[in-house]
Amino acid sequence: MNEEIIEYSHHYVPLTRGQLVDRLRATLKPKRFHHVLRVEQTAITLAKQNGVDVEKASIAGLCHDYAKQRPDQDFIDEIHAKGLDPDLLNYGNAIWHGIVGAELIKDELGIWDEDILNAVRHHTTGAAKMTKLEQVVYMADYIEPARDFDGVESARRITATDLGAGVAYQTKHTLEYLIENSKPVYPKTIETYNAWVPAYEGKIK
């Protein structure tokens, strides 16, 4: 995958891209670090296809897993410190690294743009209403080139044709996976399903 370097100029983050990449390299294990680089590049491609700010797509793609490898106690402390929904305590890293991770990104990276932060918050659960940037990051994480699961080629094809249909496809298959494996379903995932899957039913068969 050819890497496109986006020069940051709009002050969404008080770092250059190189400095942000260095922070991520120091924070994440190599496998996760290379994943976020691939997600960034996929997000840039989707952003260009869908009229989304490529700088925001780069930042959100890089930062989406910023908190993924933090200890659980960091998230629990942040939930209490920020007065976040106490129901979050009933879940774990799969939910925390997005929703609570966005708060850590504000505190530690100085990113305050709500569109970027919401793209991080919702990259695993989705949301009933998502901006194009949120949709881009949601899908980039799902279809980046190293992803290899049944249905990923369909997800890539659908997303290339219709970003919203890609969101619906991912949401439907994620919910099916959670149910089949008796995993807890975060309420926002149900909201995402109800908002997106019926609306795109004919495009995700």
Could you tell me whether the side chain of [X] and the main chain of [Y] form a donor-acceptor pair under 3.5 Å?
| X | Y | result |
| --- | --- | --- |
| Ser182 | Leu178 | no |
| Trp196 | Lys172 | no |
| Thr192 | Thr125 | yes |
| Gln49 | Ala160 | no |

Which heavy-atom pair separates [X] from [Y] by the least distance, and what is that distance?
| X | Y | result |
| --- | --- | --- |
| Val167 | Thr171 | O-OG1, 2.7 Å |
| Pro184 | Tyr91 | CB-CE2, 4.3 Å |
| Tyr200 | Ala168 | CB-CB, 3.7 Å |
| Pro14 | Leu109 | CD-O, 3.2 Å |
| Ile79 | Trp96 | CD1-NE1, 3.8 Å |
| Ala128 | Ala195 | O-CB, 3.5 Å |

Filter on salt bridge (Lys or Arg N to Asp or Glu O under 4.0 Å), then keep only pairs touching [range], sequence neighbours left out; what's left?
| range | value |
| --- | --- |
| residues 81-105 | Glu78-Lys82, Lys82-Glu103, Lys82-Asp107, Glu103-Lys106, Glu103-Arg121 |
| residues 130-144 | Arg38-Glu144, Asp141-Arg147 |
| residues 7-18 | Glu3-Arg17, Arg17-Glu40 |
| residues 181-203 | Asp162-Lys203, Glu201-Lys205 |

Grouping I, L, V, M, F, W and Y whenever their side-chain heavy atoms are under 4.5 Å apart, do [X] and [Y] come out in a common cluster?
| X | Y | answer |
| --- | --- | --- |
| Val21 | Ile5 | no |
| Trp112 | Tyr66 | no |
| Ile116 | Val39 | no |

List the atom pairs, donor and acceptor, that lie under 3.5 Å between side-chain atoms in residues 24-32 and the rest of the protein, sequence neighbours left out.
residue, atom, partner, partner atom, Å
Arg25, NH1, Asp22, OD1, 2.8
Thr27, OG1, Arg23, O, 2.7
Arg32, NH1, Asp65, OD2, 2.7

- Stepwise, does the side-chain contact (heavy atoms from CB on, under 4.5 Å) test hold for Val137 with Val120? CA-CA 8 Å; Val137 175; Val120 173; over 6 Å; no
- Item | side-chain contact (heavy atoms from CB on, under 4.5 Å) between His80 and Leu89, worked out | CA-CA 9 Å; His80 290 306; Leu89 296 168; 3.8 Å; yes
Would you compute the distance between atom [atom1] of [X] and atom [atom2] of [Y] and round it to the nearest 0.5 angstrom?
| X | Y | atom1 | atom2 | answer |
| --- | --- | --- | --- | --- |
| Gln135 | Thr159 | CD | OG1 | 10.0 Å |
| Ile143 | Ser154 | CD1 | OG | 11.5 Å |
| Met130 | Asp115 | CE | CG | 12.0 Å |
| His11 | Ile111 | NE2 | CD1 | 14.5 Å |
| Ile6 | Leu20 | CD1 | CG | 13.0 Å |
| Thr45 | Asn50 | OG1 | CG | 11.0 Å |

- Task: Scan side-chain atoms only and decide if Ser58 and Tyr8 contain a donor-acceptor pair under the 3.5 Å cut-off.
- Result: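 Looking only at side-chain atoms, Tyr8 and Ser58 do form a donor-acceptor pair, the distance falling under 3.5 Å.
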- State, without any angle test, whether His64 and His122 hold a side-chain donor-acceptor pair at a distance under 3.5 Å.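 The criterion, which ignores hydrogens and geometry beyond distance, is not satisfied for His122 and His64.
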- Task: Classify the angle between the aromatic ring planes of Tyr142 and Phe149 as parallel (below 30°), tilted (30 to 60°) or perpendicular (above 60°).
- Result: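 Tyr142 vs Phe149 ring planes: tilted.
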- Message: Just to verify, what does His10 make a ring-ring contact (aromatic ring centres under 6.0 Å, His included) with, not counting sequence neighbours?
- Response: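 Residues passing ring-ring contact (aromatic ring centres under 6.0 Å, His included) with His10: Tyr12.
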- Of all residues at least two apart in sequence or in a different chain, which pass the ring-ring contact (aromatic ring centres under 6.0 Å, His included) check with Tyr169?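 So Tyr169 forms a ring-ring contact (aromatic ring centres under 6.0 Å, His included) with His173.
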- Is atom CG of Asp150 surrounded by more than 12 heavy atoms (other residues, nucleotides or ligands) closer than 6.0 Å?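 No, because the 6.0 Å sphere around CG of Asp150 holds 12 heavy atoms or fewer from other groups.
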- Query: By side-chain contact (heavy atoms from CB on, under 4.5 Å), which residues pair with Thr124, not counting sequence neighbours?
  - Reply: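 Per chain and number, Thr124 pairs via side-chain contact (heavy atoms from CB on, under 4.5 Å) with His97.
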- Using side-chain contact (heavy atoms from CB on, under 4.5 Å) as the criterion, list what pairs up with Ala67, not counting sequence neighbours.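 With sequence neighbours excluded, Ala67 shows a side-chain contact (heavy atoms from CB on, under 4.5 Å) to Arg70, Phe75, Leu104, given in chain and number order.
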Residues which pass salt bridge (Lys or Arg N to Asp or Glu O under 4.0 Å) with [X], listed by chain and number, not counting sequence neighbours:
| X | value |
| --- | --- |
| Asp113 | Lys56 |
| Lys48 | Glu4 |
| Glu176 | none |

- Run the side-chain contact (heavy atoms from CB on, under 4.5 Å) check on Val52 and Leu46 step by step: do they pass? CA-CA 8 Å; Val52 171; Leu46 291 176; over 6 Å; no
